[in-house]
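Submitted below is the structure of interest, expressed as structure tokens.
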Amino acid sequence: MSKIELQATENLKSAITAAMRSGMEKGLLPKAEIPDFIVEVPADLSHGDRAANAAMISAKAFHMAPRKIAETIKQELDLGGTYFDRCEIAGPGFMNFFFGPRFYVDVVKEVLAAGPLYGRSNWGKKEKVMVEYVSANPTGPMHMGNARGGALGDCLASVLDAAGFDVTREFYVNDAGNQILKFGHSLGARYLQIYKGEDAVEFPEDGYHGDDIKDRAAEFAKVNGDKYVDVSAEEREKALVDYALPRNITKMKADLEKYRIVYDSWFLESTLHNDGELDEAIQILKDRGMTYEKDGALWYRATANGAEKDEVLVRGNGTPTYFAADIAYHRNKFLKRGFQRVIDVWGADHHGHVARMKGAMDAIGLDGSKLDVILIQLVRLVRGGEVVRMSKRTGKAIGLADLLDEVPVDAARFYFNLREATSQMDFDLDLAVKQDSQNPVYYVQYAHARICSLLKNLAADGIQPRKCTDEELALLTAPEEKDLIRHLSICTSEIIASARDYDPARMMRYLITLATLFHKFYTACRVKGEGKSLTAARLDLCMAAKTVLNNILSMFKITAPESM
RNA sequence: GUCUUCGUAGCUCAGUUGGAUAGAGCGACCGCCUCCUAAGCGGUAGGCCGGCGGUUCGAAUCCGCCCGAGGACACCA
């Protein structure tokens with residue numbers, strides 16, 4: 001658990017508050033409530049390491065000019081218990097603070113002491129949170145939306161874990177309901193076509209037209225021969241679904257594992273139908289007066305929770321809708337399994353579903369505000385500056401498996417997390433495989449490889465990293481060294497911010513900046529061949545940078561190569 | 001039409017609950033390896049923050065209207 005940077009800010013805040021109180025007691029400032037001011041990292045670092053707006057924000061309450069207030073605070077300020085050793089007043093009344101040498105020494109020591117745990121915190125207080133993502137339809141292969149959702153959901157789960165949440169990753173398998181019937185019809189038609197000819201059997205208009213359906217039907221025929229040709233459609237389709245579905249799910253698991261996504265649980269929708277939870281959920285809504293019957297269907301009074309129109313729970317033909325199952329599913333997450341917070345990663349096309357799911361949670365007696373939905377915007381694949389829709393090889397839409405054939409997993413995971421979920425993005429296939437500085441994946445990995453190479457080089461001369469004394473670490477005073485250390489220090493708060501905003505892309509930006517600062521340090525400061533103490537101190541700094549690079553890359557399941 | 005995500009450098013995007021001269025990467029141009037990986041570093045050029053109003057000491061950020069792009073509005077999932 002890293003504390004120094006958070007502590008530095010907190011202590012400074014207390015010191016400023018104390019200075020204002022002292023000013024009031026001496027009659028230098030009017031006795032008034034101290035407004036809630038902030039201490040932040042200034043946009044322009046040349047201004048200082050931290051900036052406080054205390055003077056400006058108090059101007060109204062104190063009826064004093066901000067600069068005058070700032071002067072008084074500065075005069076009364078005791079920085080003794082903080083990591084700061086200097087304060088400057090600037091602009092309209094900003095107070096800028098500068099770290100003293102002890103800060104830099106302590107950060108390097110802290111990173112090295114914490115090692116793989118550096119950056120982790122208890123911010124989430126072990127709250128039980130579920131991240132559900134991908135949850136692709138098991139009737140066919142996964143598409144690009146699943147690829148982006150997979151990278152984002154998986155990395156978000158990691159970020160939450162690092163920020164101190166108790167995280168469970170889940171895949172919801174839609175192995176029941178309408179689309180499974182459709183799946184069965186499609187398989188049935190393809191199976192019969194094998195024995196009766198393509199023209200003799202009509203393929204359902206709304207069926208799944210993909211080749212994967214043909215392939216599964218053919219596999220099934222190879223195993224079972226024609227013995228399902230003359231049985232009832234129901235029996236035939238059940239046998240086909242029972243054969244194909246587990247194989248599709250196994251294939252999805254395999255594809256996702258290639259993508260380095262491993263779930264804690266695969267939740268089958270069918271269990272909700274089979275164990276009565278679905279009926280239970282519908283019954284509760286009935287009991288609460290949230291339903292009515294119309295045109296032979298059972299409706300949910302969504303309009304009671306502000307929705308524009310009501311929704312069907314059970315169709316006229318007696319089968320429940322996806323929506324009904326989803327209510328039961330989310331009730332299961334919250335109530336049966338005790339998740340305190342549930343995050344769903346969905347495609348942007350589901351956005352109409354968000355408000356009514358939250359409303360339904362309230363309607364069923366749970367708290368809809370504990371359900372957060374991240375809507376992933378569209379991905380366009382681009383090659384040679386042009387949008388590509390179809391795979392050249394298969395002629396079909398490019399899927400997750402196709403993408404991973406073409407692009408390294410490292411690049412895919414990196415790229416999909418480079419942008420916020422809410423922004424539409426272009427995935428440049430040319431860039432993702434390019435092995436040069438245009439490609440941020442390599443840029444970051446190169447920083448790690450450079451450190452490893454440096455270590456090898458020094459080891460050949462018999463120099464190993466060792467624990468430096470405070471005096472030795474205090475030699476790290478070059479601007480490039482201080483910039484790098486300062487960036488290392490904010491790792492924990494960046495992870496927390498990332499978790500708070502559900503924005504793993506923030507960590508990718510942190511990582512790129514970290515690489516930049518290391519490369520600058522590397523160019524400006526030599527490690528090898530300096531004095532013994534300075535070499536040792538710089539080596540420690542390299543180890544600290546390597547540690548943080550490693551921690552974040554492994555958090556995102558991107559490899560950190562020893563050499564490139 | 002209603003809802004929703006957006007609009008910032010040539011391109012792709014940052015910009016943290018309103019703050020200091022609006023940033024980065026790529027692309028363009030110019031430099032830097034007798035020295036730990038040049039997959040790197042430095043420099044130059046490039047902006048009416050979509051537009052118009054409003055709130056504020058202060059707006060890329062908040063509010064309203066307009067313009068433009070993507071997505072959603074099923075007894076589908």
Side-chain angles (χ1 to χ4, degrees), chain A residues 36 38 40-44 46-47 51 53 56-57 59-60 66 90-94 96 135 137 139 174 177-180 182 206 269 294-299 308-309 311-317 319-323 325-326 347-355 375 377-378 380 382 385 418-426 428 431 434-447 449-458 460-461 480 493-494 497 500-501 503 505-506 509 512-513 515-516 518-530 535 538-539 542 563-564:
Chain A
D36 201 18
I38 57 165
E40 62 175 355
V41 181
D44 184 345
S46 69
H47 290 134
N53 65 349
M56 286 186 295
I57 214 157
K60 235 174 209 166
F94 280 103
N96 295 325
S135 297
N137 201 321
T139 55
N174 301 126
N178 235 350
Q179 83 280 5
I180 293 298
K182 224 157 76 175
D206 63 345
E269 181 187 344
K294 192 182 92 184
D295 305 331
L298 183 71
W299 293 72
E308 282 187 25
K309 55 187 194 54
E311 300 289 332
V312 172
L313 290 174
V314 183
R315 298 183 186 90
N317 65 14
T319 60
T321 58
Y322 172 86
F323 181 51
D326 221 12
D349 55 340
H350 286 61
H351 106 84
H353 195 51
V354 177
L375 295 176
Q377 295 293 320
L378 213 73
R380 292 191 311 177
V382 176
L418 212 45
R419 306 281 170 248
E420 277 178 87
T422 53
S423 63
Q424 291 151 229
M425 73 176 289
D426 289 345
D428 189 330
L431 188 56
K434 224 174 201 175
Q435 307 217 350
D436 67 21
S437 61
Q438 289 177 21
N439 189 342
V441 188
Y442 288 91
Y443 182 78
V444 170
Q445 290 181 325
Y446 180 51
R450 255 184 158 175
I451 297 173
C452 292
S453 159
L454 189 57
L455 288 170
K456 249 180 259 164
N457 226 294
L458 286 161
D461 291 354
E480 291 81 4
S493 52
E494 283 296 299
R500 180 197 62 208
D501 300 341
D503 181 18
R506 190 185 182 109
R509 277 178 247 127
I512 292 171
T513 305
T516 300
F518 175 77
H519 288 311
K520 287 188 186 197
F521 157 76
Y522 183 92
T523 305
C525 307
R526 286 192 59 80
V527 178
K528 196 176 166 182
E530 297 288 345
T535 291
R538 285 185 173 162
L539 198 48
C542 288
S563 67
M564 290 172 76

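Values below: all heavy atoms of this structure, side chains included; hydrogens, waters and symmetry mates excluded. All figures in this text were calculated on a predicted structure; none of them were measured in a lab. Within every chain, numbering begins at 1; the chains are lettered A, B, ... in the order of the sequence lines, protein sequences first and strands thereafter.
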- Query: If we take the P atom in both B:G10 and B:U5, what is their distance in whole Å?
  - Reply: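 Comparing P positions in B:G10 and B:U5 gives a spacing of 28 Å.
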
Practice prompt. Take A:L418 and A:I512, measure what side chain to side chain contact (heavy atoms under 4.5 Å, CB included) needs, and give me the verdict at the end.
Written response: CA-CA 10 Å; A:L418 212 45; A:I512 292 171; 4.0 Å; yes

By the 4.0 Å heavy-atom rule, please label A:E494 as base, sugar-phosphate, or nothing.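 Nothing, no heavy atom under 4.0 Å.
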
Exercise for review: Check every strand shown and say whether A:R526 touches a base, only sugar-phosphate, or nothing at a heavy-atom separation below 4.0 Å.
Suggested key: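 Base contact.
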
* **Cationic N near anionic O, under 4.0 Å, A:E311 to A:K309** =>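 Yes.
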
Which value, in whole Å, describes the distance between the C1' atoms of nucleotides B:C62 and B:G19?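 14 Å, rounded to whole Å.
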
With syn defined as a glycosidic angle within 90° of 0 and anti as everything else, classify B:C33.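 Judged by the O4'-C1' to base torsion, B:C33 sits in syn, the angle falling within 90° of 0.
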
Quiz item: With a 4.0 Å cut-off on heavy atoms, is A:A90 in touch with a base, just the backbone sugar-phosphate, or nothing at all?
Solution: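 The answer is base, as A:A90 lies within the cut-off (heavy atoms under 4.0 Å) of a base atom.
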
Strictly below 4.0 Å: does A:R419 bring a side-chain N or O up to OP1 or OP2 of B:A14?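 For B:A14, neither OP1 nor OP2 has a side-chain N or O of A:R419 closer than 4.0 Å.
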
Considering only heavy atoms and no angle criterion, is a donor-acceptor pair shorter than 3.5 Å present between the side chain of A:N96 and the base of B:A20?
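For A:N96, whose side chain was compared with the base of B:A20, there is a donor-acceptor pair (under 3.5 Å).
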
When you measure from the side chain of A:D426 to the backbone N and O of A:D428, does any donor-acceptor pair fall under 3.5 Å?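 Between the backbone of A:D428 and the side chain of A:D426 there is no qualifying donor-acceptor contact (under 3.5 Å).
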
Is there a side-chain contact between A:N53 and the phosphate of B:G19, meaning an N or O under 4.0 Å from OP1 or OP2?
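No.
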
**Euclidean distance for P, B:C48 against B:C11 (whole angstrom)** =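 It works out to 12 Å between them.
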
- Parallel under 30°, tilted from 30 to 60°, perpendicular over 60°: which one fits the rings of A:Y322 and A:H353?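 Plane angle between 30° and 60°, so tilted.
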
May I ask you to verify if any side-chain N or O of A:Y443 is less than 4.0 angstrom from the OP1 or OP2 atom of B:C41?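 Yes.
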
Practice prompt. Take atom C1' in B:G7 and the same atom in B:C66, then report the distance between them in whole Å.
Written response: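 To the nearest whole Å, 14 Å.
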
- Query: Looking across every strand, which nucleic acid part, if any, lies under 4.0 Å from A:C525 by heavy atom: base, sugar-phosphate, or nothing?
  - Reply: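 Answer is base: heavy atoms of A:C525 come under 4.0 Å of a base.
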
Q. To the nearest Å, how far apart are A:Q179 CD and B:A74 P?
A.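 So the CD-P distance, A:Q179 to B:A74, works out to 19 Å.
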
Within the 4.0 Å heavy-atom criterion, would you say A:T319 contacts the bases, only the backbone, or no part of the nucleic acid?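 No contact.
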
Q: Provide the distance between the two P atoms, one in B:C63 and one in B:C6, to the nearest whole Å.
A: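 Those two atoms are separated by 13 Å.
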
Exercise. Could you give the distance separating B:G50 and B:G70 at their C1' atoms, to the nearest angstrom?
Key: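 It works out to 16 Å between them.
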
Which listed nucleotide (B:G15, B:A38, B:G71) is nearest to the side chain of A:Y522?
->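 It is B:A38.
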
How would you label the contact of A:R500 with the nucleic acid (heavy atoms, under 4.0 Å): base, sugar-phosphate, or nothing?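 Here A:R500 touches the backbone only, sparing every base.
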
- prompt: Is the Lys NZ or Arg CZ of A:R450 less than 6.0 Å from the centre of A:F518's six-membered ring, within 45° of the axis?
  reply: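 That pair does not qualify as a cation-pi contact.
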
(message) Does B:G42 have its OP1 or OP2 closer than 4.0 Å to a side-chain nitrogen or oxygen of A:K520?
(response)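 Checking A:K520 against B:G42: at least one side-chain N or O falls below 4.0 Å of OP1 or OP2.
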
>> Just to be sure I understand the rule, does A:L431 reach a base, reach only the sugar-phosphate, or reach nothing, if contact means heavy atoms closer than 4.0 Å?
In response: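 The residue A:L431 makes no contact with any strand.
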
Tell me if the side-chain of A:H351 makes a donor-acceptor pair with the base of B:C3, cut-off 3.5 Å, by modelled atom types.
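Such a pair exists between side chain and base.
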
Of the options A:L455, A:L458, A:I451, A:N457, which is the one that meets A:V527 in a side chain to side chain contact (heavy atoms under 4.5 Å, CB included)?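 One option only clears the test, and that one is A:L458.
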
Review point. If we take the P atom in both B:A60 and B:U55, what is their distance in whole Å?
Key: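 Approximately 16 Å lies between the P atom of B:A60 and that of B:U55.
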
Practice task
Under 4.0 Å between any heavy atoms, over every strand shown, what does A:A505 touch: base, sugar-phosphate, or nothing? Just pick one.
Solution key: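 Nothing, no nucleic acid heavy atom in range.
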
Q) P atom, B:C57 versus B:G46: distance in rounded Å? A)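 So the two P atoms sit 35 Å from each other.
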
query: Just wondering, do A:F94 and B:G19 stack (centres under 5.5 Å, planes under 30°)?
result: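 Stack criterion not met.
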
